[in-house]
S.K.: 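Structure provided below as C-alpha cells; questions to follow.
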Amino acid sequence: LSVNLNTMVLTSIQKHMLPTIGTYIIKFIFFPEKEQRFFSYCETNDIISLIVDSSEYEKLSEIANDALSSYNDLWQRISIDDGPLGFDEFGIVDSIVNPLSQTNINLFYVSTFETDHFLVKKGDTTKAIDTLRSHSFVVNNNSH
C-alpha cells in the first residue's frame, strides 16, 4: 500500500451548474497543472461527484461559488499498488475495510481500471497506517 501525502476533497455539484464550470472541468481533466495526480469524476442523473486535490478544490470553488457541496474534512489517499487487480480476485476490499472499521476509521473506496484506492480522513491517516501495518500490510509513504 502507498500513502499519498496530498490532501483531497470530496465534493459535488448539481449538473445544471455544468455550463458555469464546464470549461474549467475540461481544462482540469485534459490539461492538468500537475503531471502526476489523482482526480475522480462520477456523474449520475443530477449530480457530478468529484475527488480533487485540495489546491484544485480552491480554484474550483472560486469558479463555482456556492454551487459546491463538500465534506468539511480533508482526506488522504492510500493506493493498493499490487499491480492491476483482476475481477476474479476476492477479499481484497474486505481485508482492508474490516480492520479499519474495527478501529472506527471511515473510508471512501475508489476503484480504477488498474488500481484501487481508498481515502481516509486526514486526521485518521496515522491510525489507519498503524492499523494496516498491525494486520501485516506493508505501507509506504509517497510524495506524489
Side-chain angles (χ1 to χ4, degrees), residues 1-15 17-18 21-44 46-144:
L1 304 175
S2 295
V3 179
N4 183 288
L5 301 179
N6 295 345
T7 54
M8 309 298 292
V9 176
L10 307 177
T11 189
S12 68
I13 189 163
Q14 299 288 323
K15 280 179 68 174
M17 292 299 298
L18 197 54
I21 65 161
T23 304
Y24 174 78
I25 289 179
I26 289 169
K27 180 182 174 191
F28 181 74
I29 291 171
F30 296 107
F31 305 101
E33 292 179 8
K34 297 179 181 178
E35 188 173 313
Q36 293 187 354
R37 68 181 178 141
F38 180 84
F39 165 71
S40 178
Y41 175 103
C42 184
E43 184 176 328
T44 61
D46 299 322
I47 298 285
I48 298 169
S49 296
L50 303 169
I51 301 172
V52 297
D53 187 273
S54 57
S55 63
E56 292 294 336
Y57 173 77
E58 291 181 23
K59 294 176 188 175
L60 181 62
S61 64
E62 289 174 11
I63 295 166
N65 294 324
D66 297 329
L68 295 174
S69 296
S70 305
Y71 288 103
N72 291 330
D73 299 303
L74 292 175
W75 300 73
Q76 285 191 278
R77 177 173 51 97
I78 300 175
S79 300
I80 301 170
D81 47 16
D82 289 338
L85 302 175
F87 291 109
D88 57 348
E89 295 184 54
F90 301 98
I92 296 169
V93 175
D94 183 61
S95 69
I96 293 167
V97 171
N98 193 27
L100 295 178
S101 67
Q102 289 177 3
T103 55
N104 297 317
I105 297 174
N106 293 320
L107 62 90
F108 187 88
Y109 203 90
V110 180
S111 291
T112 66
F113 189 77
E114 289 197 5
T115 308
D116 286 11
H117 310 269
F118 58 98
L119 301 162
V120 295
K121 291 180 183 178
K122 185 177 179 183
D124 289 337
T125 304
T126 300
K127 184 178 176 182
I129 291 168
D130 292 344
T131 299
L132 292 167
R133 285 182 174 151
S134 73
H135 284 81
S136 301
F137 286 96
V138 175
V139 183
N140 299 306
N141 288 338
N142 283 339
S143 59
H144 57 275

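Start at 1 with the first residue, then count along the sequence.
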S.K.: Does NZ belonging to Lys15 count more than 12 external heavy atoms closer than 6.0 Å?
M.R.: yes
S.K.: CZ of Phe108 to CZ of Arg77: how many Å apart, nearest 0.5 Å?
M.R.: 13.5 Å
S.K.: Run through Leu132, Val97, Thr131 and flag the one making a side-chain contact (heavy atoms from CB on, under 4.5 Å) with Ile105.
M.R.: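 Answer to the side-chain contact (heavy atoms from CB on, under 4.5 Å) test with Ile105 among Leu132, Val97, Thr131: Thr131.
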S.K.: Within the 4.5 Å heavy-atom criterion, are Asp116 and Phe118 side-chain neighbours or not?
M.R.: no
S.K.: If I compare all heavy atoms of Val52 with all of Glu56, which pair ends up nearest, and what's the gap?
M.R.: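 Nearest pair, atom of Val52 first, then Glu56: CB-CB, 4.4 Å.
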S.K.: Check the pair Asn6, Phe38 against side chain to side chain contact (heavy atoms under 4.5 Å, CB included), reporting the backbone distance first and the verdict last.
M.R.: CA-CA 9 Å; Asn6 295 345; Phe38 180 84; over 6 Å; no
S.K.: Kindly give the heavy-atom pair with the smallest separation between Ile80 and Thr115, and that separation in Å.
M.R.: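 For Ile80 and Thr115, the tightest heavy-atom pair comes out as O-CG2, 3.1 Å.
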S.K.: Measure the spacing between NE2 of His117 and OG1 of Thr112 and express it to the nearest 0.5 Å.
M.R.: 4.0 Å
S.K.: In Å and rounded to the nearest 0.5 Å, what is the SG to CD1 distance from Cys42 to Ile48?
M.R.: 10.0 Å
S.K.: How many angstroms lie between CG in Asp124 and CG in Leu100, if you round to the nearest 0.5 Å?
M.R.: 9.0 Å
S.K.: Check whether any side-chain heavy atom of Ile47 lies under 4.5 Å from a side-chain heavy atom of Gln14, and answer yes or no.
M.R.: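 Yes. Closest side-chain heavy atoms under 4.5 Å.
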S.K.: Met8 and Ile51: which non-hydrogen atoms are nearest, and at how many Å?
M.R.: CE-CG2, 3.8 Å
S.K.: Are Ser2 and Asn140 linked by a side-chain donor-acceptor pair shorter than 3.5 Å?
M.R.: no
S.K.: Is there a donor-acceptor contact under 3.5 Å linking the side chains of Tyr57 and Thr11?
M.R.: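 Thr11 and Tyr57 do not have a side-chain donor-acceptor pair below 3.5 Å.
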S.K.: Give me the atom names and distance for the closest heavy-atom approach of Lys127 to Thr103.
M.R.: NZ-O, 2.8 Å
S.K.: Find the distance between CD1 (Ile129) and CG (Leu1) and round it off to the nearest 0.5 Å.
M.R.: 9.5 Å
S.K.: Give, for atom CG of Leu74 and atom OG1 of Thr125, the distance between the pair rounded to the nearest 0.5 Å.
M.R.: 10.0 Å
S.K.: Taking all non-hydrogen atoms of both residues into account, name the closest pair between Arg133 and Val139 and its distance.
M.R.: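 Heavy atoms of Arg133 and Val139 come nearest at NH2-O, 2.6 Å.
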S.K.: Considering all heavy atoms of both residues, which atom of Thr7 and which atom of Ser54 are nearest to each other, and what is their separation?
M.R.: OG1-OG, 2.7 Å
